[in-house]
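These notes concern the structure reproduced below.
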2 protein chains.
Amino acid sequence: MDDRAMFAIALEEAKKGFAVGGLPIGACLVSQDGEILGRGHNKRVQEGSVIKHAEMSALESTIQDPAHPPPASVYRGATMFTTLVPCVMCTGACLLYGIGRVVYGTGADQSVAIDTLKLLEDHGVETVGLGVQECEEMMGRWIEENPARYRAEPWCTEA
Amino acid sequence: MDDRAMFAIALEEAKKGFAVGGLPIGACLVSQDGEILGRGHNKRVQEGSVIKHAEMSALESTIQDPAHPPPASVYRGATMFTTLVPCVMCTGACLLYGIGRVVYGTGADQSVAIDTLKLLEDHGVETVGLGVQECEEMMGRWIEENPARYRAEPWCTEA
């Protein structure tokens, strides 16, 4: 699997969100066979959602026909590409669906004092950091431009 | 806080889902001050959703106005009432939002080999089991009536 090419889709999603004022975090879910299963970005601002982080949106976008959702086996061993290190909710979702790898852009702290990369690795999920500084920079800009919204987030590190 | 009274709301939600063929799992989120913040049930069957477990639906239902979602502080120290032991995704969501207590009906295994009660407790969340057998019995009936859907679930324990 070409990690950089698949990661580019996650980054494109992050930029889509950022373009409309949303949290600039994107994700793309790719099966073990290299098939793109889903993609999405954070909808916190756009929908006020508490649960639609980028990884969750990518997971939810795998549903084509609500009457016939894909069986869980589709997700097993898949790779979750995400622009920032996943928070603990998204980490839990990856563990629930048996995601095999998590490939992230950079490691901005969103983890409410929980080391999510360790949690993933402790349960057999490979983690790969690509060192894409742009991801963290976009988030820095969003925080600067949205101080009040930032302070309302559970991962806000301000006192 | 009257745990039994609040739990009854979660159980009512589970029954609502069951009545329309959905997974019989319900949840109710109550603030530290005893205010009901949200309630909901699993929407796997109804919407084909991959992420709308009962606890997630309860969290999402706390949004009244998408333009002004509650700040994260609203959830801190709250109690999540749920009819079954939370899966690892919902456990992660509870940890993300700083939920202080998880009160569950019974402990049917949905945890894909991860001890979620231990994970909660390891991070300072109190867990309380009420021993409400009805919760597990309803799930047993759903599994009996929906063998194909059950086998498509990540928490299916069949070979």
Side-chain angles (χ1 to χ4, degrees), chain A residues 29 37-38 40 43-53 55-76 86-99 110-114 116 119 122-124 148-156, chain B residues 29 37-38 40 43-53 55-76 86-99 110-114 116 119 122-124 148-156:
Chain A
L29 185 61
L37 298 172
K43 299 281 178 66
R44 174 67 168 155
V45 173
Q46 298 91 317
E47 299 182 10
S49 175
V50 186
I51 63 173
K52 286 198 191 151
H53 283 192
E55 299 88 334
M56 307 297 269
S57 294
L59 271 166
E60 202 66 329
S61 82
T62 64
I63 311 300
Q64 304 288 330
D65 173 5
H68 300 93
S73 57
V74 164
Y75 308 103
R76 226 163 280 147
C87 79
V88 67
M89 172 176 69
C90 297
T91 294
C94 288
L95 291 173
L96 178 65
Y97 285 100
I99 302 299
Q110 294 185 273
S111 56
V112 284
I114 294 172
T116 53
L119 192 56
D122 283 352
H123 292 94
R149 278 198 177 266
Y150 171 55
R151 282 193 299 274
E153 287 298 304
W155 44 271
C156 171
Chain B
L29 184 61
L37 298 171
K43 298 281 178 68
R44 174 66 168 157
V45 172
Q46 297 91 319
E47 299 181 11
S49 175
V50 186
I51 63 173
K52 286 197 192 150
H53 284 192
E55 298 89 334
M56 307 297 268
S57 294
L59 271 166
E60 202 67 330
S61 82
T62 63
I63 311 299
Q64 305 288 329
D65 172 4
H68 300 94
S73 57
V74 164
Y75 309 104
R76 226 164 279 147
C87 80
V88 66
M89 172 176 70
C90 297
T91 294
C94 289
L95 292 173
L96 177 65
Y97 285 99
I99 301 300
Q110 293 185 272
S111 57
V112 283
I114 293 172
T116 54
L119 192 56
D122 283 351
H123 292 93
R149 280 198 175 264
Y150 171 55
R151 281 192 301 272
E153 287 297 304
W155 44 272
C156 171

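A, B, ... follow the sequence lines: proteins, then strands. Residue 1 opens every chain.
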N/O donor-acceptor pair under 3.5 Å between Glu60(A) side chain and Ser49(B) backbone: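 Such a contact is absent between Glu60(A) side chain and Ser49(B) backbone.
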Contact origin within Ala67(A) toward chain B - heavy atom pairs under 4.5 Å: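 For Ala67(A), the backbone is the part near chain B, not the side chain.
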Heavy-atom proximity to chain A below 4.5 Å, by part of His123(B):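 Side chain only.
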Partner chain B: residue of Arg44(A), His68(A), Gln46(A) with the largest heavy-atom pair count (under 4.5 Å):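 Sorted descending by pairs with chain B, the first entry is Arg44(A).
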Top of Met56(A), Arg76(A), Glu153(A) for chain B proximity - count of heavy-atom pairs under 4.5 angstrom: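 Highest number of heavy-atom pairs under 4.5 Å: Met56(A).
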Distance in Å, Met89(B) CE paired with Ile51(A) CD1, rounded so as to fall on 0.5 Å steps: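 Rounded to the nearest 0.5 Å, the CE-CD1 separation comes to 7.5 Å.
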From Asp122(B) atom CG to Ile114(A) atom CD1, the distance as rounded to the nearest 0.5 Å: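 If I round to the nearest 0.5 Å, the distance is 10.0 Å.
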Counterpart residues, side-chain contact (heavy atoms from CB on, under 4.5 Å), relative to Pro70(B) (two or more places apart):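 Thr62(B), Ile63(B), Val74(B), Tyr75(B).
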For Leu96(A) against Cys87(B), the heavy-atom pair lying closest together: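 Closest approach of Leu96(A) to Cys87(B): CD2-SG, 3.9 Å.
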Which atom of Leu59(B) lies closest to which atom of Val50(A), heavy atoms considered: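 So the minimum-distance heavy-atom pair works out to O-CG2, 3.9 Å.
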Heavy-atom check, side chain of Arg149(B) versus side chain of Pro69(A), under 4.5 Å: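 Touching, per the 4.5 Å side-chain cut-off.
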